[in-house]
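Letters A, B, ... mirror the listed sequences (proteins, then strands); counts begin at 1.
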Amino acid sequence: MPVQVMSEGAGLSTQVPSHLSRIPISLISTSTDCCNKTVKGTVLSKGPLVSLAADRCILKAVIEEEDSQQNASSINVVLMGELAKDFNQAVNQGDVTVVSGFSVGKSPTALKDKFHPFNLLLSGDDACIYVSRRRPPPDPRYPLAVKRSCDLSAEASREKKASKYTYVRLDELKPKMVVNVYGVVVFFKQPFKSCGTDYCTSLKITDQSNSMIYCTIFKERLQDHPEIFQMGDIIRMHRVKTNYFNQSITLINTFGFSVLTFDGEEGEDVVPRTSSRSFHFDQEDRRIVDELRSWATKQSIVPSVPKIPLSGVQPNVFFDLTCQLLAKAPMDATCTLLRVWDGTRCPHSLVKVMVEPAITEGPSSFSTERESLIANVLIYDNHVEFAQQLKPGDFLRIYNLRAFPASSKVPELAAAPSGGAEPLAFQLHGGTSYGRGIRILPESSRAVQDLKRAFQALPECDDLNDSAMMEIWSTPPEFPQDAERVECCTERLCHHDTQLAALSELKRSDPGRVHHVRVQLRSYEPRRLHQALKLHCGKCLSMQDVPDDEQVAAVFSEASRDSGRCSPPPWMVSGQVGIPAASQGSWKREPSVHLSRTLLCESKAKALLFIMGSTLEETCRLASGYENIIPLRSSGGHMTLLDLSAPFLFRGRKRYYGCRRCSEAAVREPCAEGAQQIDERLIAEALGVQLLKFVLLMKLELQDATGTLEVFLWRDAELFFKVSAEEAAANQEAQNSIRQTMESLCPPGGSTGERPWLDLCLTAYRGEDDRGHHQTCYQICQSTITNPPCPQSNPQPPGQRSSLQHA
DNA sequence: GCTTAGGGTTTG
């Protein structure tokens with residue numbers, strides 16, 4: 001066993017085999033004789049387990065020599081294969097390790113991480129790691145972690161399981177660590193678009209050590225950001241790295257980052273907020289949250305943000321407003337109006353903003369009574385984009401909203417028309433200073449529950465005529481149903497006698513049914529369309545990615561290395577083909593080629609060519625001159641097909657693959673007698689290859705007024721796009737057509753309002769997720785785009801012909 | 001395994 005964990009508290013020195021001798025990290029170099037040597041160190045950080053290929057794993061860790069406290073030296077350790085997996089399972093930050101059976105390599109990250117110029121490489125049978133779990137007497141560098149693990153040991157004796165994670169107290173952070181931390185949020189900004197590829201969340205946290213630590217989270221997807229609702233929330237972050245900036249330690253997310261947040265209110269349930277499908281959370285986490293809550297409450301370290309309802313607003317106050325969106329309308333490119341309420345009445349009259357009903361989303365008018373409770377909020381600049389995504393009915397918190405006395409701009413308004421106090425407008429200024437931003441609050445949140453109670457407590461005002469409110473609160477139909485009014489850019493080709501259903505309704509019904517929906521496309525995956533192309537086996541039903549050229553070229557290159565002689569079967573006529581050199585000075589190569597004698601006699605010399613010893617690039621160049629090209633290799637004196645991870649057949653620009661599991665491939669002469677043409681089916685059958693079919697597989701997120709739903713587009717994807725997957729694999733125009741379709745359904749950067757409506761037929765069926773759990777899946781079927789974008793025809797590049805010389 | 005930001009003296 002490559003990773004050996006020592007019994008609790010046992011000294012490592014007594015358990016490491018005696019023939020091994022220890023060398024200090026500082027003496028490691030590529031000239032070190034590593035035989036029977038060990039290196040000892042404390043695990044400073046442990047990277048995530050990364051899978052490189054099917055069963056190849058790699059994990060990087062940093063260990064620090066523990067004897068030289070004054071002048072600690074750290075070195076990167078790279079673990080491969082099973083060892084990496086075992087290490088990932090068995091070893092934690094702070095554990096002491098003795099490493100043996102390593103080799104020394106140059107550290108490619110030395111300049112950046114300032115660790116040792118070399119690293120230790122551990123792979124294969126010789127590599128071994130002896131581990132001693134952290135135990136008292138405490139290492140002064142991990143006081144909190146040790147304390148917690150001591151506390152745990154009492155629980156562990158009951159549960160027989162220690163917590164998987166250790167958390168570093170914020171005053172214990174040192175540069176260049178990857179750590180897990182807990183903290184109380186004392187400042188935050190909602191995620192905003194960075195100038196790079198990601199959204200950025202800025203926050204500042206603290207804990208019982210009173211250290212204030214600034215954190216930055218970069219994540220491409222909004223749902224991967226921490227769900228912070230207010231200061232005082234508690235955050236747990238896994239795998240953040242420390243960095244030194246402006247004379248203080250900062251934290252930034254790193255690979256494998258995950259985050260949970262909790263309400264910071266003492267006495268509230270401890271419910272983790274996260275979009276992660278799985279996360280570790282146990283009694284220990286509950287305890288840490290409780291401790292932080294009661295500490296923060298006693299200290300009152302959390303800056304008090306005025307929680308002002310509309311009834312408490314004063315002119316020129318900046319505050320966070322928790323409210324419900326009733327309607328919205330774009331004012332201009334840099335300003336959007338949100339009409340919101342929180343069930344309380346503002347003592348000041350609220351400024352009216354005139355908006356055309358046609359551009360209003362949600363009701364354009366309300367009863368007089370209701371109208372008097374509605375605040376008009378003007379959202380500026382960078383917040384407009386987010387505001388565009390909001391839907392009437394959403395519950396919001398608007399951070400750093402300003403109550404603005406309208407009289408300062410329009411003096412005649414100072415004479416208040418009603419109520420006495422001067423009228424107020426509300427503004428959310430551009431930028432992210434002071435945490436300015438908007439967040440949608442989930443229905444389950446305490447704040448939304450409170451709001452709903454406030455709404456229910458309102459006296460019934462003449463709501464019977466208030467069709468506006470009905471629109472907000474009513475059950476479906478809440479989607480456009482009138483075919484005259486709404487133009488859809490897809491149509492259903494099925495003949496089901498089914499009414500349109502809202503997504504929320506559909507989610508409540510059982511699998512095995514067909515549904516008709518009218519929806520918009522909210523997002524889709526993959527964004528890179530070539531990743532949507534898959535190879536599907538009709539026999540074993542497996543699905544695989546289409547190998548890229550680099551992978552295929554490697555198979556060709558590997559095949560041509562085996563130059564052993566082999567005799568072609570009697571039905572072949574052999575020769576050489578001269579392939580023009582790709583560049584000047586490069587060798588003109590002459591791979592051997594073979595034709596079917598039968599086809600040659602039938603004057604069908606161009607119909608089929610077997611080729612051996614060519615590169616991928618050469619094969620492609622030849623493909624324009626022959627209908628079918630089958631690459632071969634020599635193996636043990638026989639001709640065989642190449643490994644089936646490469647195409648077994650080239651037809652013009654099209655490539656065909658076989659299933660590795662289901663094929664029983666051998667080089668045989670195809671029988672073309674009576675066949676219309678020699679195509680991929682005929683050849684696959686002759687060669688014993690189970691032909692893989694190109695398919696398109698995408699995941700679409702649909703939305704209507706009642707919610708969102710993830711559906712697959714697969715079996716009927718070709719019908720949907722009016723493009724065959726095989727064409728898409730071979731030609732750019734077909735790919736362009738699919739891309740244009742997706743972009744027209746979901747314009748990049750476009751708002752909900754700009755997205756066309758789609759009429760779709762969905763089937764609901766029982767499927768399994770990655771872990772084998774049953775869940776209801778949805779697939780788009782028998783639906784098609786009605787006006788596909790015009791493909792731009794590109795002229796085919798002229799083919800390069802090669803001369804064939806018969807032997 | 002690159003980059004992004006790095007609170008803040010707001011104001012249409």
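Near DNA chain B, meaning a heavy atom under 4.0 Å from it, residues 255-263 of chain A has A:Phe255 in order of number. Residues of residues 328-340 of chain A that place a heavy atom closer than 4.0 Å to DNA chain B do not occur. Non-hydrogen atoms lying under 4.0 Å from DNA chain B are contributed by A:Tyr380, A:Asp381, all within residues 376-384 of chain A.
Among residue pairs with one or both ends in residues 214-229 of chain A, those qualifying as side chain to side chain donor-acceptor pair (under 3.5 Å) are A:Thr201-A:His225, A:Ser202-A:Tyr214, A:Arg221-A:Asp224; sequence neighbours excluded. Here salt bridge (charged side-chain N to carboxylate O under 4.0 Å, His left out) pairs that include residues 115-124 of chain A, with residues two or more places apart or in two chains, number zero. Residue pairs that meet the salt bridge (charged side-chain N to carboxylate O under 4.0 Å, His left out) test with at least one member in residues 178-192 of chain A, sequence neighbours left out, do not exist here. Sorted by first then second residue, the salt bridge (charged side-chain N to carboxylate O under 4.0 Å, His left out) pairs that include residues 247-266 of chain A, not counting sequence neighbours, number zero.
The salt bridge (charged side-chain N to carboxylate O under 4.0 Å, His left out) check on A:Glu701 picks up A:Arg522, with sequence neighbours excluded. Every residue two or more places apart in sequence or in another chain was checked for a salt bridge (charged side-chain N to carboxylate O under 4.0 Å, His left out) with A:Asp198, and none qualifies. Looking at residues two or more places apart in sequence or on another chain, you find a salt bridge (charged side-chain N to carboxylate O under 4.0 Å, His left out) between A:Asp545 and A:Lys534. In this structure A:Glu268 satisfies the salt bridge (charged side-chain N to carboxylate O under 4.0 Å, His left out) test together with A:Arg446, sequence neighbours excluded. Looking at residues two or more places apart in sequence or on another chain, you find a side chain to side chain donor-acceptor pair (under 3.5 Å) between A:Asp549 and A:Arg655.
Put simply, the side chain of A:Lys189 and the base of B:dG7 share no donor and acceptor less than 3.5 Å apart. Residue A:Thr197 places a side-chain atom within donor-acceptor reach of the base of B:dT3, judged by atom type and a 3.5 Å distance cut-off alone.
Relative ring orientation between A:Tyr399 and A:Phe188 is described as perpendicular, the plane-to-plane angle rising above 60° on a 0-90° scale split at 30° and 60°.
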